[in-house]
Every structure is written in structure tokens, then in C-alpha cells.
Number of protein chains: 4
Amino acid sequence: MSVNKVILVGNLGKDPELRYTASGTAVANFSLATTERFKDRDGNSQEKTEWHNIVAWRQLAEICGKYLTKGRQVYIEGKIQTRSYEDRDGNKRYITEIVADQMQMLGRAGDDNSGGGGGGYQRREPRQERSGGGSNNQPRQTEYEEPPFNPDDDIPF
Amino acid sequence: MSVNKVILVGNLGKDPELRYTASGTAVANFSLATTERFKDRDGNSQEKTEWHNIVAWRQLAEICGKYLTKGRQVYIEGKIQTRSYEDRDGNKRYITEIVADQMQMLGRAGDDNSGGGGGGYQRREPRQERSGGGSNNQPRQTEYEEPPFNPDDDIPF
Amino acid sequence: MSVNKVILVGNLGKDPELRYTASGTAVANFSLATTERFKDRDGNSQEKTEWHNIVAWRQLAEICGKYLTKGRQVYIEGKIQTRSYEDRDGNKRYITEIVADQMQMLGRAGDDNSGGGGGGYQRREPRQERSGGGSNNQPRQTEYEEPPFNPDDDIPF
Amino acid sequence: MSVNKVILVGNLGKDPELRYTASGTAVANFSLATTERFKDRDGNSQEKTEWHNIVAWRQLAEICGKYLTKGRQVYIEGKIQTRSYEDRDGNKRYITEIVADQMQMLGRAGDDNSGGGGGGYQRREPRQERSGGGSNNQPRQTEYEEPPFNPDDDIPF
DNA sequence: TTTT
DNA sequence: TTTT
């Protein structure tokens with residue numbers, strides 16, 4: 001009976017960090033900037049950047065680690081989650097993160113903004129770009145044929 | 001490299017129709033009304049209702065067939081799809097539908113508006129209400145423990 | 001070139017707090033719970049609740065203050081924002097909030113769960129319930145007539 | 001009490017058509033392709049493209065007319081609307097459209113896929129690219145100062 | 001602190 | 001055909 005959904009389009013602040021838990025599960029972290037432009041009371045253009053902590057798990061983590069680079073523009077769909085941790089002084093702190101369940105690279109392949117000579121995307125992963133989408137990847141029926149079975153679909157409990 | 005996402009909160013115009021394909025796959029259809037209110041140029045309140053054709057497949061279809069009733073308020077997440085068919089005169093026609101991949105019943109259990117003696121929800125399905133959510137159902141990690149494996153997650157290709 | 005959008009359906013943990021800035025601008029704060037259910041590795045049903053800090057400004061703040069009560073189910077659309085403040089020890093802390101730009105009361109009027117004798121919603125505001133929607137309030141054209149101009153975009157009544 | 005929201009990221013099939021109603025209101029139309037990739041039962045990669053009819057009004061129409069070109073990748077937020085019309089034989093037909101209330105150009109300026117020598121975006125509008133965002137344009141408060149009033153909500157510049 |  |  002509830003919904004917790006986040007949709008972001010922004011640019012990576014750094015290359016993702018890809019790590020593995022003790023049991024071998026992949027987890028990727030990166031920060032994503034969204035910037036809004038607005039006019040202040042004096043009519044001057046202003047902008048404000050918000051930084052989001054993104055975390056991805058398992059296959060999506062692997063894809064983020066392989067294909068995303070600093071500056072890259074991505075679409076992220078996920079949910080908001082706040083978790084607690086202890087800082088060095090033993091105080092309980094909270095951090096809010098976006099747990100991604102879909103990621104789509106935007107712009108064209110090779111179109112990252114990492115600047116400099118190397119050209120981020122190609123360097124990270126020379127293979128052809130592939131979609132990082134998740135539950136959006138269901139096949140579609142045509143004329144009410146049954147859609148091909150998709151294990152990602154519709155598992156409600 | 002693309003996103004096709006629809007989010008609706010509205011009321012069912014009728015009980016869903018639950019059918020099965022030749023191969024036994026469940027498919028549910030229902031119409032969903034969303035109504036917006038606005039003021040016209042004269043400042044008079046107006047409203048306009050939009051009717052959406054919703055289609056759900058497999059487990060989500062079964063849940064819709066069991067638990068949803070006319071008048072019920074639901075949250076639907078899915079994608080837009082236009083398919084073609086031939087009308088009785090052999091002309092090609094198009095119909096746009098929302099292929100649901102998540103459904104959440106809103107309001108409280110038993111809070112449907114089917115009127116009449118029986119009380120719609122209970123009559124349709126006396127068992128305990130259960131969430132019809134899909135990909136929102138992933139577990140969440142706490143303090144960066146690895147989340148329990150969820151086969152619905154993150155299958156990007 | 002960026003998008004920062006949050007969609008929540010959840011229940012208020014308490015009645016909203018409505019305050020005014022020095023210059024007279026209304027601001028409402030409330031916490032909203034979203035709960036997800038999932039099965040753990042042992043197949044046992046689990047649930048996890050996430051608490052979201054919601055902030056609304058101006059007219060939407062007034063509406064939240066008037067009509068929302070503890071337990072009420074609402075739809076919130078807004079954006080994520082992290083702001084900093086100093087705690088009592090002078091340390092910089094961060095808090096992530098959802099700045100609402102749309103709110104819709106879900107369920108039926110009078111359908112709140114504040115319990116107690118009076119019946120929360122009615123007690124808070126005896127007038128007829130009205131939609132708190134924002135930018136969803138645009139009129140719609142019919143057959144490509146020009147839609148009536150709507151000065152009320154983002155103004156809920 | 002209802003929500004009708006669509007979020008699309010896709011590519012324009014053609015340059016937009018910008019027209020004006022008798023009373024001088026701008027309206028832009030264009031088609032937008034979203035493509036999903038999936039694997040069929042045999043494990044072969046498939047893709048399916050969905051075409052969406054987008055309509056924008058007033059300032060957003062002008063911006064679309066000025067800045068968007070065939071092939072350009074955009075983010076669209078809006079609502080679903082079905083309107084009726086009569087075909088040449090006098091039969092009532094229906095068309096489903098997305099009425100946009102926000103548009104964001106994705107990728108980098110100059111990054112359109114119109115191919116050919118000229119380079120679509122620059123040719124259409126030599127001025128600096130500007131955000132086409134709408135209600136996302138609200139300013140954000142810092143440390144609970146009142147946000148600057150923004151008359152530009154839903155007005156893109 | 002909510003809700004099912 | 002729903003709902004407020």
C-alpha cells in the first residue's frame with residue numbers, strides 16, 4: 001500500500017566505485033548531480049546543484065562499474081533509503097541514498113563529459129554500449145499475442 | 001537508452017476481466033479513470049475525466065482479477081503501448097494501453113465503493129489482502145549488509 | 001538538463017506542523033512512512049518502513065496544514081533536497097528532505113485513521129475536502145481547441 | 001484524488017511542427033520513439049519501438065519548435081490524453097497523446113542525431129541552449145530560509 | 001511516528 | 001464506466 005520512487009537525470013561526479021561484499025555480491029556507489037536553474041527575485045539566473053548518493057547492487061552494480069564514467073549523463077530510477085551508521089566518535093549518523101533499480105545511459109555512446117584526452121566511456125569498456133535497464137525491459141505483446149516469458153515480470157509477493 | 005513510464009492513481013470503472021491465453025497465461029483488463037479539476041476562464045470549477053485501458057499479465061493479472069473491483073482506487077505503474085487490430089470492416093485501428101507492471105491498492109482494505117449489500121472487496125476474495133507490487137518489492141539493506149537475494153532485481157539485459 | 005523527481009504514496013506519522021517564516025511564508029513539515037514487504041531467504045514475510053521528511057511551501061503548506069492528519073494516506077510528488085545545519089555541538093549535519101510540489105489525498109474523504117472520538121479529518125477542517133493537486137491541474141483541450149488559460153497552475157484551488 | 005503522469009526519454013522522429021491556434025496560442029507536435037530491448041524465449045536480443053504523439057502548448061511549444069530537431073534525445077513529463085476526431089469517412093476515431101508539461105534536452109548541446117552535414121540543433125537555433133524545464137524550476141531553500149519567489153514556475157526561461 |  |  002505504498003510507493004517510494006525516485007527518478008533522476010543527472011551527471012556523475014566521479015567514476016563509480018565497484019566493490020564486493022564478503023559473500024561476493026557486487027555493489028556500486030556513485031554521486032550524481034542534478035542542477036536546476038531558476039530566476040531569483042531580481043530576475044537573475046541562478047542555479048543550484050543537488051548531489052545524490054546512488055547505490056546499485058548485483059548485475060546493475062557491475063554494469064555501472066563497467067560502463068559509467070565521471071561526467072556521464074544517466075537516467076536513474078530507484079527508491080529512497082536512509083540508513084544509519086556510527087561516525088568515528090561513535091555518534092549515530094544518517095545517510096540518505098538512492099537505491100537504483102534501473103539505469104539508462106543517456107546521450108550517445110562515447111558522449112561523456114570527462115574532458116581531457118582519453119575519452120572516458122571508451123576507455124572503461126570498449127565493447128558496444130548496452131542498455132542498463134531493469135524492469136523496463138519486459139517484452140511487449142503485439143496484437144495480444146502472449147508476451148515472451150520474462151522472469152523479471154510481475155512477481156507480486 | 002529510453003524510458004517509457006506511466007504512473008496513474010485512479011478508480012476502476014468496472015470489475016477487471018480476467019482471461020487466459022491459449023497457452024494458459026493470465027491477462028487482466030480494466031479501465032481506470034483519472035479526473036482533473038481546474039478552473040475555466042470564468043473561474044468556474046470544471047473537471048475532465050480521462051479513461052485509461054489497463055492490461056496486466058501473469059501473476060499481476062491474477063491479483064487484479066482477485067482483488068480489484070469497480071470503484072476501487074489504485075496506483076498503477078507501467079508503460080504505454082499502442083497495438084493495432086482490424087475492425088469489423090477490415091480497417092486497421094490502433095488502441096493505446098497501459099501495460100501495468102506494478103499495482104497498489106489504495107485506501108483501506110474494505111474501502112471500495114462498489115456499493116450494494118455485499119461490500120465489494122470482501123465478496124470478490126475473502127482472503128487477506130496482499131500487496132500487488134512488483135519491482136518495488138526488493139528488500140533493503142541495513143547498514144550495508146547485503147540485501148537478501150531477489151530474483152526480480154537488476155536483470156539488465 | 002536534469003531531472004530530480006520523487007513520487008511517494010504513504011501515511012503520515014503525525015499531523016503536519018504548519019509554521020510561517022519571518023516574512024510570512026507558510027511552510028509545512030511532516031513525516032511520511034512508506035513500507036515495503038518482501039520475503040527473506042527463508043521465505044518469511046518481512047517489512048521495512050522508510051520515513052521521509054516532507055516539506056511544503058506557500059499554498060500547498062496551508063492545504064497540508066488544514067487537511068492532513070496523522071495516519072492519512074497521501075500521494076506526494078516533489079524533489080529531493082539535502083540541506084545542512086549545525087547541531088548543538090556546532091557540527092555540520094545534513095538532512096535530506098522531499099520538497100513537495102504536489103499532494104493528493106488518497107482514499108475517501110473522512111477515511112483517516114486518527115482514531116479517537118472526533119474523526120480526524122473533519123475535526124481539522126470542517127469544510128468540504130478539496131484537491132491539493134498542483135501542476136496536474138491544467139485544463140485539457142478537446143479536439144484541439146485551445147485549452148482555457150489556467151492561472152492556477154501550481155495553485156491548488 | 002487522481003494522478004496521470006507520464007515520463008519518457010526518447011528520440012524525436014522528425015522536427016516538431018509548430019502551429020498557432022486562431023487566437024494565437026502556440027502548439028507543437030512531434031513524435032517520440034522509445035525502444036526497449038529484451039531477449040525472446042530463444043535468448044535472442046529483440047527490440048521494439050513505441051511511438052508517442054507529443055503535444056506541447058504555449059511557451060513550451062515555442063521552445064520545442066525552436067530547439068528540438070529530428071533525432072534529438074529528450075526527457076518529457078506530461079499526462080496521457082485521448083481525444084476524438086472524425087476521419088474522412090465521418091467515423092469517430094480516437095488518438096492518444098502525451099500533453100507535455102516539462103521537456104529537457106538530453107545529451108550535450110549539438111548532440112543530435114539528425115545525421116547529414118548540417119548538424120540539426122545548431123542550425124535550428126544558433127543561440128545558447130537553455131533548459132526547457134517547467135515545474136522543476138523552483139528555487140531551493142538553504143537552511144530553511146524562505147525560497148525566493150519564482151514567478152517562472154512552469155515557464156521555462 | 002504511519003499503515004497493512 | 002469510476003471518483004470527489
Side-chain angles (χ1 to χ4, degrees), chain A residues 1-4 82 156-157, chain B residues 8-17 29-38 45-54 67-76 104-115 120-121 127-133 136-137, chain C residues 8-17 29-38 45-54 67-76 104-115 120-121 127-133 136-137 156-157, chain D residues 1-4 82:
Chain A
M1 305 283 268
S2 61
V3 173
N4 173 358
T82 299
F157 300 127
Chain B
L8 301 173
V9 174
N11 297 277
L12 277 80
K14 292 185 181 174
D15 288 353
E17 291 175 22
N29 290 273
F30 57 94
S31 58
L32 191 74
T34 58
T35 301
E36 58 177 348
R37 285 149 201 100
F38 59 94
S45 286
Q46 299 281 349
E47 63 176 56
K48 182 168 185 299
T49 294
E50 199 67 31
W51 286 98
H52 309 270
N53 302 306
I54 312 292
Y67 297 112
L68 297 188
T69 49
K70 175 179 171 177
R72 179 88 202 205
Q73 187 183 38
V74 296
Y75 168 93
I76 292 287
Q104 297 274 331
M105 291 181 274
L106 299 177
R108 307 164 92 180
D111 178 38
D112 82 311
N113 311 296
S114 61
Y121 166 65
R127 276 178 271 152
Q128 207 203 329
E129 181 173 332
R130 296 194 267 175
S131 141
N136 228 22
N137 276 7
Chain C
L8 301 173
V9 174
N11 298 277
L12 277 81
K14 292 186 182 173
D15 288 352
E17 291 174 22
N29 290 272
F30 56 95
S31 58
L32 190 75
T34 59
T35 302
E36 59 177 345
R37 285 150 200 100
F38 59 94
S45 288
Q46 299 281 349
E47 64 176 54
K48 182 168 185 297
T49 294
E50 199 67 31
W51 287 98
H52 309 271
N53 302 307
I54 313 292
Y67 297 113
L68 298 188
T69 48
K70 176 180 172 178
R72 179 87 202 205
Q73 188 183 40
V74 296
Y75 168 93
I76 292 287
Q104 299 273 332
M105 290 181 273
L106 299 177
R108 308 164 91 180
D111 178 39
D112 81 311
N113 311 299
S114 60
Y121 167 65
R127 277 178 270 150
Q128 207 203 328
E129 180 173 334
R130 297 194 266 176
S131 143
N136 228 21
N137 276 5
F157 298 129
Chain D
M1 304 284 268
S2 60
V3 173
N4 174 358
T82 299

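Source: prediction; values computed, not measured. Just so we're on the same page: letters track the sequence lines, and every chain starts at 1.
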Chemist: Compare all side-chain heavy atoms of I54(B) with those of V74(B) and state whether any distance is below 4.5 angstrom.
Modeler: no
Chemist: Where each residue is assigned the nucleotide of DNA chain F containing its nearest heavy atom, which of G13(B) and E47(B) is assigned the position nearer the 5′ end?
Modeler: G13(B)
Chemist: Rounded to whole angstrom units, what separation is found between the CZ atom of R72(B) and the P atom of dT4(F)?
Modeler: 13 Å
Chemist: Using only modelled atom types and a 3.5 angstrom limit, is any donor from either the side chain of R37(B) or the base of dT4(F) paired with an acceptor on the other?
Modeler: yes
Chemist: Within a strict 4.5 Å, meaning less than it, do heavy atoms of the L68(C) and D15(C) side chains meet?
Modeler: no
Chemist: Could you tell me the separation between the CD atom of Q73(C) and the P atom of dT4(F), rounded to a whole number of Å?
Modeler: 14 Å
Chemist: So, do W51(C) and dT1(E) meet the stacking rule of ring centres under 5.5 Å and planes under 30°?
Modeler: yes
Chemist: Can you check the Q104(B) CD to dT3(E) C1' distance for me, whole Å?
Modeler: 12 Å
Chemist: With a 4.5 Å limit on heavy-atom distance, are the side chains of H52(B) and L8(B) in contact?
Modeler: yes
Chemist: What is the distance, to the nearest angstrom, from the OH atom on Y75(C) to the C1' atom on dT4(F)?
Modeler: 18 Å
Chemist: How close or far is atom C1' of dT2(E) from atom CZ of F30(C), stated in whole angstroms?
Modeler: 12 Å
Chemist: How many Å lie between CG on N4(D) and P on dT3(F), as a whole number?
Modeler: 18 Å
Chemist: Ignoring hydrogens and geometry beyond distance, is the side chain of T49(C) in donor-acceptor contact with the base of dT2(E) at under 3.5 Å?
Modeler: yes
Chemist: To the nearest angstrom, how far is Q46(C) atom CD from dT4(E) atom P?
Modeler: 20 Å
Chemist: Figure out the CD/C1' separation between E50(C) and dT2(E), and round it to whole Å.
Modeler: 13 Å
Chemist: Classify the side chain of T35(B) and the base of dT4(F) as holding, or not holding, a donor-acceptor pair under 3.5 Å.
Modeler: no
Chemist: Between K48(C) and E36(C), does at least one N-O distance fall below 4.0 Å, as a salt bridge requires?
Modeler: no
Chemist: Can a donor-acceptor pair under 3.5 Å be found between the side-chain atoms of S2(D) and the base atoms of dT3(F)?
Modeler: no
